[in-house]
Amino acid sequence: AEKKTIAVSIPAADHGWTAGVVYHANAAAAEINAAFPDIEVVVKTSPSASSQVSAIEDLSATRQLDALVILPHTSEELTTPVAAIKDNGTFITVVDRGLSDPEIQDLYVAGDNIAVGFNTAKFLVENLGGKGNVVVLRGIPTVIDDERIKGFQDGIAGSELKVLDIQYANWNSDEAFKLMQDYLAKYPQIDAVWANDDDMLLGVLEAIKQSGREEIKYALGGNGMKEIIEKVMAGDAVTPVETPYPPSMIKTAIYLTVAHFTGHAPVRGSFKLDAPLITKDNAAEYYFPESPF
Amino acid sequence: MTDVPAAPPRALQGWSIGWGDVGPFLALGALVLIGFLINPDFLSANNVANVVTRSAFIAIIAIGATFVISSGGLDLSVGSMAAFITGVMILFMNWAVPSFGTAAIPLGMAVALVTGIACGLLNGTIVTMGRIEPFIVTLGTMGIFRALITYMTDGGTVAIDRSLREAYRPVYFGNVLGVPIPILVSLAVALVAAYVLYRTRFGRRCIAVGANEDVARYSGISVTRVRTMAFVIQGACVAIAAICYVPRLGAATPTTGLLWELQVITAVVIGGTALRGGRGRIWGTVIGAVILEFIANLMVLSDFVSEYLVAAVQGVIIIIAMLIQRMSKR
Amino acid sequence: MTDVPAAPPRALQGWSIGWGDVGPFLALGALVLIGFLINPDFLSANNVANVVTRSAFIAIIAIGATFVISSGGLDLSVGSMAAFITGVMILFMNWAVPSFGTAAIPLGMAVALVTGIACGLLNGTIVTMGRIEPFIVTLGTMGIFRALITYMTDGGTVAIDRSLREAYRPVYFGNVLGVPIPILVSLAVALVAAYVLYRTRFGRRCIAVGANEDVARYSGISVTRVRTMAFVIQGACVAIAAICYVPRLGAATPTTGLLWELQVITAVVIGGTALRGGRGRIWGTVIGAVILEFIANLMVLSDFVSEYLVAAVQGVIIIIAMLIQRMSKR
Amino acid sequence: MTVALAPSQRTDAVAAPVLRAERLAKAFGGVTVLSDVSLDIWPGEIHAVIGENGAGKSTLMRLLSGYLHPTEGGLLIDGAPIAFHAPKDAEAAGIALVHQEILLAEALTVTENIFIGREITGRFGSLDERAMREAAAAELAEIGCKVSPRARVGDISLANRQLVQIAKALHGTHRVVIFDEPTAVLTHDEVDPLFDIILELKQRGVAILYISHRLDEVERLADRVTVLRDGRKVGTYDAAGLTPQRMASLMVGREFSSLYPPRLERDLAEPALEIEHASVPGFVHDVSFTLKKGEILGLAGMIGAGRTELFEGLLGLRPASFAAVRLHGRPVHFGSPAQAMAAGFGYLTEDRKGKGLLLGERLAPNLTLAALVRVHPVTGLDLGREAQLLGEAVETYDIRLHSRDVRAGQLSGGNQQKLLLAKVMLNDPSVIVIDEPTRGIDIANKSQIYAFIQSLVREGRSCIVISSEMQELIGLCDRILVMRSGRINGELSGDAMTESNVALHATSSVASKETPGGNAHD
Ligand SMILES: Nc1ncnc2c1ncn2[C@@H]1O[C@H](COP(=O)(O)OP(=O)(O)OP(=O)(O)O)[C@@H](O)[C@H]1O
Ligand SMILES: Nc1ncnc2c1ncn2[C@@H]1O[C@H](COP(=O)(O)OP(=O)(O)OP(=O)(O)O)[C@@H](O)[C@H]1O
Ligand SMILES: [Mg+2]
Ligand SMILES: [Mg+2]
């Protein structure tokens with residue numbers, strides 16, 4: 001049969017989660033290239049939205065793409081260029097961040113950012129008895145970040161949980177460490193911390209450990225980093241739960257795209273991965289020890 | 001009347017391409033050749049058009065930076081400024097479209113230009129009046145512009161109104177006689193800039209201020225005014241770049257223009273402008289921007305570089321390009 | 001034979017704190033005062049200790065940068081270099097721990113130092129041998145170091161072996177007589193650096209090379225050697241900072257050290273070192289690093305700045321700190 | 001203002017001085033360097049200002065031309081008080097200054113430098129390069145400067161830079177032109193066209209202020225002479241009755257006798273420095289000579305003769321080839337100035353501002369920069385020792401300063417030169433090449449420097465003096481080599497060392513054999 005080319009365009013590994021994405025994309029590409037001689041998967045990473053636009057332009061300008069699996073840096077900037085590629089008859093799979101125009105995508109695979117925030121908030125409301133002081137660390141100003149924060153705020157609505165402070169720490173563990181130190185200096189009583197990403201949670205935990213403060217009952221993150229899952233498995237008191245936002249969704253998306261070409265029926269539609277609470281009981285399912293994330 | 005030995009003829013010196021400075025062109029030539037050997041598609045009309053069109057963005061901003069740098073300044077804020085201007089422009093157009101329809105586009109362009117000039121004026125004024133290193137000032141305003149756009153959009157993104165999208169599209173995607181519009185715009189900007197830098201008093205004074213501030217001051221040049229003006233030109237260039245690229249990006253996001261300042265400065269330096277001032281090369285800058293874009297393109301088109309190492313290979317190529325450029329001078 | 005009045009005694013000139021340059025101290029004083037007025041917790045022992053400890057990394061790296069900048073160079077690669085060194089060190093220690101136990105830590109430190117020196121040597125050699133603008137060279141190596149660490153860690157995180165973690169922890173979290181170890185280390189580095197810059201031949205030559213390359217050359221100074229050496233010192237300083245840094249979070253990630261170069265250069269300039277070379281201020285640099293960290297801290301401790309505007313306010317404060325610093329000079 | 005409009009002043013107008021300084025004083029940071037100086041400058045006069053190094057001449061000139069603002073006192077033009085905020089204001093009032101230090105942008109061309117700030121524009125406001133180039137060429141030709149208007153200033157010799165600077169100052173119409181040591185870097189042949197210009201300006205009724213340490217020039221040109229000493233005016237005298245001797249005495253405030261030390265009579269045999277077949281591409285072609293131990297060897301020539309380049313080549317500062325170089329009989333090859341210094345060879349550059357001193361640094365670091373070992377025991381720099389060395393240098397070389405804490409750039413030009421000399425001598429070289437030793441040095445100090453050079457050779461050192469002042473070579477040297485276009489075009493010694501002989505060999509291609517009294521090798 002004619003050889004099919006599937007291009008995968010993802011952000012460059014610039015923090016833990018995207019590193020996981022790159023890892024899983026490469027793993028999927030290697031597996032598929034070995035298993036399906038008729039399919040070639042090409043993975044390209046881009047450090048910014050505009051370079052991602054350039055990258056997909058370059059890919060489509062120099063070869064016939066049968067499918068494009070894309071995890072867009074930003075929705076708006078990628079919408080028009082992806083639409084242009086779709087016009088050439090390319091099958092479009094969008095992962096994680098939707099494009100501004102959902103008509104473009106043939107297949108959509110995503111986690112649920114709102115649920116990440118919402119489920120975490122619900123856990124805190126229940127376990128803190130409906131009241132307490134929370135500090136929040138947010139990432140880089142983007143849709144993902146906004147959605148998680150929104151989900152969290154929806155989740156605590158109606159309770160007496162009070163968000164003392166909310167600041168950006170750019171999904172960077174260093175900045176999170178500093179920010180947490182400063183929160184600790186500023187607020188004498190903190191009941192829980194939510195860092196909306198596990199990279200940041202690492203910094204938070206270190207700062208709490210250093211301060212020796214005992215009153216903090218929970219420090220939670222999100223995304224399902226293996227170090228944090230390990231804590232959950234071990235029954236850690238401060239980080240007993242985790243919300244998944246697995247970078248492996250890129251692998252899922254690539255496999256689904258391949259299935260569209262190799263299977264007998266077209267694969268189209270929307271797949272929203274749930275973000276259930278990971279607890280001690282189900283943690284093993286979310287644990288990938290060989291992944292870098 | 002004079003017994004001055006005749007100077008060797010230096011045809012085409014000045015605002016047409018300066019043949020004395022072939023360095024950047026050589027580097028580009030070498031790069032294109034290597035690219036072609038690696039992947040013949042590299043020179044497909046389509047690919048070349050894409051790459052050059054893309055480079056227009058950095059090229060236009062870098063043309064402005066050529067003024068700032070040759071006058072002895074530096075502007076790190078161009079990336080955030082681009083994001084800020086894009087944001088202001090889109091917010092304005094979206095606000096204006098109910099009343100003005102597609103006339104919102106030219107109005108938005110005017111607003112962008114005014115905003116750019118104001119931003120440049122701010123940078124220039126702080127640098128010259130406060131006598132603070134441009135590095136620090138523009139690092140500060142870089143944070144300021146970025147924060148302002150984040151604030152104005154509530155931490156998120158502003159997308160251009162759907163109804164304007166199609167009308168505005170040709171500014172990036174259209175072409176005249178087959179030449180993409182951004183290329184035409186950047187050529188026009190470069191022509192005007194070359195005229196200003198090489199053929200006007202202001203340009204001459206820009207270089208003089210960068211070459212030796214004391215001499216310029218003692219010769220009655222207002223160093224303050226010239227430096228400030230260079231920053232204003234930079235602001236205007238950023239605005240023009242933003243205007244061209246709104247249709248490509250369709251939105252301003254908090255990550256728009258991130259790290260562009262480094263690309264811009266690299267383009268300027270590869271082009272042969274001296275980072276310490278006193279020497280400006282408009283056409284070199286344009287070529288420098290094209291070189292950078294070709295390098296990035298080559299990374300995508302070639303298959304043997306691990307994606308983790310792309311940045312490393314890019315770094316090596318830039319250094320080599322610089323070496324070629326330097327060597328050609330001796 | 002002459003009637004020259006004796007030079008006024010300039011006690012403490014040189015490698016102890018230079019009282020001639022109080023600018024950075026004034027700026028710090030003003031900042032601390034404002035901080036205290038906004039939130040008295042600002043001056044709590046705990047907060048001050050935290051902030052100063054945090055500033056130690058940037059301070060140590062910036063001390064190295066003081067040499068590079070005062071000798072007329074610039075190093076943009078320090079952030080990536082820190083990440084790279086951290087990664088190499090952790091990978092090495094994790095590999096060594098089965099055979100050497102906790103002795104892997106001092107071995108790792110030695111490896112880090114050697115790596116840092118090698119990185120500095122690379123930068124210095126390309127700059128001096130290739131005669132390329134340091135800006136471009138170190139922008140290139142910035143990409144190279146970052147890519148290498150990403151490659152070595154598969155784009156992810158390398159965490160230090162659990163068995164070493166506790167043993168290594170005190171290097172960041174420990175203290176001697178109540179003074180946190182990173183503060184002691186940075187003071188030690190500053191003392192040595194001040195001695196080298198103000199009290200040795202090499203230091204003198206560094207400044208001379210930065211002030212006027214020709215004069216230095218005619219005075220029998222090897223400009224190449226001095227410049228290269230400055231980069232090597234920078235590399236060693238980055239390694240020392242990395243050694244202190246590892247226990248803090250126990251891992252190297254692709255975001256380690258991101259944008260530190262800008263902070264480092266800002267600290268150096270706020271400290272009174274001239275960006276164009278020929279003037280270096282070690283203690284000013286240390287204070288500059290502390291100022292930056294205090295500004296960031298103040299942003300969190302104060303309540304009236306929207307989180308979106310933090311960067312803007314920070315930018316404004318840095319510019320104002322610079323103004324205070326400048327003003328005190330006239 | 002009101003004074004200027006007073007009727008008595010108006011009727012006097014024709015007879016009023018074009019520029020008048022009234023009780024000018026200037027202090028830098030509390031140190032007064034000029035006080036109570038009043039001066040009248042009349043149209044059509046050449047008014048010389050003389051004084052020792054650091055007497056305040058340049059400071060006075062900068063006050064007159066808007067580069068500095070007086071702490072006290074004021075200026076009047078045509079009897080009307082005026083204040084200059086910037087040099088541009090003085091220029092608008094018709095006052096131009098040719099600086100002592102060269103103030104040009106090296107990265108720009110000659111034409112660009114001349115027209116900075118007053119570019120000629122043509123249609124649509126675009127620069128008229130042609131017009132500027134032609135005007136520059138004409139201006140340069142008039143003062144006898146042969147550089148191309150397109151040359152980069154960084155690429156031309158110091159002397160030519162000085163001429164370009166003069167051309168720049170002379171461009172336009174002026175009522176007062178101030179020359180601050182215009183001839184310090186010029187050779188005699190280049191001085192003549194300059195003097196023609198000065199005399200022509202005088203003819204046109206322009207007032208000239210002229211500063212020089214070459215008192216013969218003053219005697220030749222000046223109508224009146226003002227003498228400054230320690231920042232105060234000693235007096236203004238008619239030039240007619242003044243001999244150089246008398247001027248020198250007025251400057252130093254005591255009787256001044258002889259400039260040159262009595263010639264040493266001794267046998268010179270042992271070679272100190274032997275150079276065989278030296279070539280510096282583009283500058284020096286196949287030059288060989290021997291410097292004897294204890295000898296003072298002069299090197300004469302016009303601008304571009306290649307003297308400086310010969311030694312820059314020897315030091316490894318520019319590409320050069322030598323068949324052999326021997327220092328005290330041992331073959332040497334210097335890859336860098338450091339190696340030369342270590343071998344006991346010292347070179348004092350002619351370009352003190354660009355290559356000699358760190359103008360922004362204090363004096364002590366400048367002094368010890370090339371000889372840091374001397375203040376560097378194992379424990380690191382010994383600042384006390386350094387201060388002591390500076391003290392000794394200030395004594396030995398009579399460096400005039402108000403505080404040892406100033407920056408090198410704040411010293412007067414002549415005192416900078418002395419500091420540079422001290423810097424080179426700190427290395428204790430056994431063979432020393434001094435390129436223009438007395439450039440910008442006053443007459444009293446010149447004689448000190450001559451005596452000093454002689455004391456060097458008396459100690460067994462050997463010395464090459466490169467100088468554009470024939471007088472000084474003749475008065476000081478045992479032997480003179482004359483270079484022309486990169487070749488040695490004559491060797492003079494004994495009675496053959498006369499100005500006319502030196503000039504002859506510097507300008508025309510007489511073969512060295514025919515040189516009267518010259519014996520090429522002995
Ligand atoms: N900017 C300055 N700051 C401090 N002192 C200064 C400054 N400029 C000049 N001086 C001092 O003023 C005095 C007079 O200097 P000036 O340059 O006028 O001397 P001069 O008569 O021109 O000497 P020379 O013959 O050596 O050129 C000197 O002692 C000098 O050190
Ligand atoms: N960097 C340079 N590039 C090109 N030409 C130069 C450069 N420096 C000097 N020249 C030219 O080289 C020639 C010799 O220079 P220079 O005048 O220094 O020689 P010199 O023999 O030392 O004369 P003097 O010492 O009397 O000034 C001159 O014609 C000068 O214009
Ligand atoms: Mg003077
Ligand atoms: Mg010379």
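The sequence lines fix the lettering, A, B, ..., with proteins before strands; numbering per chain opens at 1.
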For E133(B) and V269(C), indicate whether the former's side chain and the latter's backbone hold a donor-acceptor pair under 3.5 Å. no
Greatest number of heavy atom pairs closer than 4.5 Å to chain B - which of V316(C), L76(C), I265(C): I265(C)
Tell me, out of G140(C), S80(C), A311(C), who's got the most heavy-atom pairs with chain B below 4.5 Å. A311(C)
Side chain proximity check, I318(C) to L139(B), heavy atoms < 4.5 angstrom: no
Write out all pairs satisfying salt bridge (Lys or Arg N to Asp or Glu O under 4.0 Å) with one or both partners inside residues 287-299 of chain C, taking only residues at least two apart or from two chains. K178(A)-E293(C), R54(C)-E293(C)
Toward chain C, the part of I317(B) with a non-hydrogen atom under 4.5 Å: neither
Looking only at non-hydrogen atoms, find the nearest pair between I132(C) and I319(B) and report the distance. CD1-O, 3.8 Å
Are more than 12 heavy atoms, taken from residues, nucleotides or ligands other than R217(B), located less than 6.0 Å from that residue's CZ atom? yes
Look up atom OG1 in T150(C) and atom CG in L309(B), then write down how far apart they are to the nearest 0.5 Å. 8.5 Å
L262(C) versus M142(B): any side-chain heavy-atom pair under 4.5 Å? yes
Does F231(B) have any ring-ring contact (aromatic ring centres under 6.0 Å, His included) partners at least two apart in sequence or in another chain, and if so, which? none
Within this structure, what is the CD1-CD1 distance for the pair I136(B) and I270(C), rounded to the nearest 0.5 Å? 5.5 Å
